[in-house]
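Take a look at the structure set out below.
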Number of protein chains: 2
Amino acid sequence: MPQAAGRTEAAERILEAAKHLFAREGYGSVSIRDIAEAAGVSKANIFHHFASKEELYLETLRRSCEAARALLEAFREEHPCPAHQLRSFFRDDLRQASDDTDGSLLLIAEGFNAGPQRARALVEEVFGADFRRFTQVLAAGQSSEGPWRTDIDPAVVATLMIAANTFFISHREVLRQLPGVDFADDPERYADHVVDILLDGIRKEA
Amino acid sequence: MPQAAGRTEAAERILEAAKHLFAREGYGSVSIRDIAEAAGVSKANIFHHFASKEELYLETLRRSCEAARALLEAFREEHPCPAHQLRSFFRDDLRQASDDTDGSLLLIAEGFNAGPQRARALVEEVFGADFRRFTQVLAAGQSSEGPWRTDIDPAVVATLMIAANTFFISHREVLRQLPGVDFADDPERYADHVVDILLDGIRKEA
DNA sequence: ACACCAACCGATCGAACGGTCAGTGATCGT
DNA sequence: ACGATCACTGACCGTTCGATCGGTTGGTGT
């Protein structure tokens with residue numbers, strides 16, 4: 001095991017291949033041989049750079065966490081109107097996830113029925129920050145002179161937005177097959193529709 | 001391979017154990033030995049009842065599809081008011097998924113980044129019926145004298161509801177860890193909150 | 001009584017698994 | 001010029017994988 005940072009080009013290829021395969025096939029269905037072949041390196045070389053299959057997997061996870069945080073950080077922009085902020089936040093959220101589909105799939109799969117410890121780690125690393133981002137703008141919109149109802153739990157709205165994002169990324173192909181869905185490949189339109197509904201609901205205003 | 005229907009008690013235990021393990025660990029991470037041990041039968045007996053690991057997996061899938069359809073069918077109840085219908089449908093949806101968590105997880109995992117063929121099959125077998133159920137009641141509420149806005153795409157609302165359901169089932173533990181979430185173990189409350197938001201949105205009525 | 005067949009098991013198969021190791025070639029500081 | 005270090009490999013290890021095998025048991029029809 002050489003130093004952690006300053007990866008070789010080969011090590012980088014290994015990580016990239018591992019990330020892709022783990023995200024698409026699942027940890028148990030991917031063998032070191034598969035990764036070696038996809039990365040164009042020898043099997044032994046993988047163990048030269050990473051202590052074990054588990055460690056390699058965890059490294060791809062860490063990377064995806066960092067990438068998600070960095071991208072979200074980069075997108076951050078302030079806007080005085082809570083509605084605009086909500087829309088822009090959700091757009092960013094979807095864009096970030098779309099820009100790193102493999103990483104997002106990896107994190108979603110990790111959260112898929114994870115145990116309490118892993119779920120806690122995941123929340124601390126990624127989901128939590130996202131969730132807080134949403135709940136904060138929601139709470140701001142609910143403040144004394146804010147434009148939003150105060151009898152709505154911000155946590156539910158934030159959950160809905162993360163659920164909408166997660167489903168869009170992880171069930172894209174299902175979405176494509178559903179009748180009447182024309183937004184499966186247009187994150188921005190999907191995001192706008194979702195926010196429109198969240199803001200005003202589907203009921204006619206009296 | 002004996003007849004398809006009329007399973008032995010042992011075969012039934014095998015299916016049950018396989019369903020549970022596949023749902024929680026994923027296909028690739030579960031071995032025939034694991035299933036045999038969990039079901040309390042010999043490894044060879046599994047191959048006596050099922051042609052292969054793949055075939056066993058597909059059988060658990062088929063079962064979960066049937067169960068989901070049957071349960072949803074059973075819940076069906078009509079109500080004149082579209083809003084009540086939407087609420088009751090979404091409640092049923094969540095209840096059904098909660099009543100057969102393993103089966104739901106299996107189907108969600110199958111839809112997770114499935115290829116076009118598998119996604120199509122899945123839509124035809126389960127997601128499609130659910131989706132149509134939602135879009136129909138939504139379209140009904142949008143009809144000439146319905147109480148709902150006509151500038152909202154029913155497909156987006158239906159997608160949101162399925163996403164909300166899917167996330168609630170598959171990321172329960174993450175949900176438990178998120179700050180301010182007190183509905184992680186109360187599907188009914190979660191369902192009601194979600195429907196409330198979908199109906200009226202979060203914006204104050206002018 | 002006997003033939004038959006499904007249910008079931010222990011032992012075993014070749015293949016694939018994660019992981020190890022001795023060694024090679026290139027790049028260093030000295 | 002030379003030892004040290006690092007990236008990297010082919011051959012190999014023991015284990016476990018999915019799957020098969022021959023064989024035993026118990027019930028059923030005749």
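Quick note on labels: first sequence line is chain A, next is B, and so on, each numbered from 1. Just so you know, these numbers use all the heavy atoms, side chains as well, and skip hydrogens, waters and symmetry mates.
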Open item on the list: Using OP1 and OP2 only, check whether a side-chain N or O of A:S42 sits under 4.0 Å from D:dC8.
Closed with: no
Open item on the list: Nearest whole Å is fine: how far is D:dT16 P from B:E37 CD?
Closed with: 13 Å
Open item on the list: Tell me the interatomic distance from B:Y57, atom OH, to D:dG18, atom P, rounded to whole angstroms.
Closed with: 15 Å
Open item on the list: On the nucleotide D:dT9, are OP1 or OP2 found under 4.0 Å from the side-chain N or O atoms that A:N45 carries?
Closed with: yes
- [ ] Please figure out whether A:I46 or A:R33 has its closest DNA chain D nucleotide nearer the 5' end.
- [x] A:I46
Task: Atom-pair distance (OH on B:Y27; P on D:dC17), nearest Å - done: 13 Å
Task: B:R69/B:E66 salt bridge by N-O under 4.0 Å criterion - done: no
- [ ] Taking only the side-chain heavy atoms of B:H48 (C-beta and beyond), determine which of D:dT20, D:dT9, C:dA6 contains the nearest atom.
- [x] C:dA6
Open item on the list: Can you measure A:D34 atom CG to C:dC17 atom P for me and round it to whole angstrom units?
Closed with: 6 Å
- [ ] Quick one: label A:A10 by what it contacts on the DNA or RNA (base, sugar-phosphate, nothing), any heavy atom closer than 4.0 Å.
- [x] sugar-phosphate
Open item on the list: Nearest to the side chain of B:S31, heavy atoms from C-beta on, is which of C:dC8, C:dG10, D:dC17?
Closed with: D:dC17
Open item on the list: Tell me if the centroids of the rings in A:F167 and B:F167 come within less than 6.0 Å of each other.
Closed with: no
TODO: Return yes if a side-chain donor-acceptor contact under 3.5 Å exists between A:D102 and A:H20, otherwise no.
DONE: yes
TODO: Can you tell me the distance, in whole Å, between the CD1 atom of B:I35 and the P atom of C:dC8?
DONE: 16 Å
TODO: Verify whether one side chain among B:N45 and B:S42 offers a donor that lies under 3.5 Å from an acceptor in the other.
DONE: no
TODO: Nearest-nucleotide wise, let me know which of A:S52 and B:G40 is further upstream toward the 5' end of DNA chain C.
DONE: B:G40
Task: Atom-to-atom span, CD1 of A:I32 to P of D:dG14 - whole angstrom - done: 20 Å
TODO: Please state how far atom CD in B:E9 lies from atom P in D:dG26, giving the value in whole angstrom units.
DONE: 17 Å
Task: Interatomic distance where CZ belongs to B:F50 and C1' belongs to D:dG18 [whole Å] - done: 16 Å
Task: Given A:E110, A:E55, A:E125, the one that forms salt bridge (Lys or Arg N to Asp or Glu O under 4.0 Å) with A:R62 - done: A:E55
Open item on the list: On the nucleotide C:dC8, are OP1 or OP2 found under 4.0 Å from the side-chain N or O atoms that B:H49 carries?
Closed with: yes
- [ ] Between C:dG18, D:dC8, D:dT9, spot the one nearest the side chain of A:T8, thanks.
- [x] D:dC8
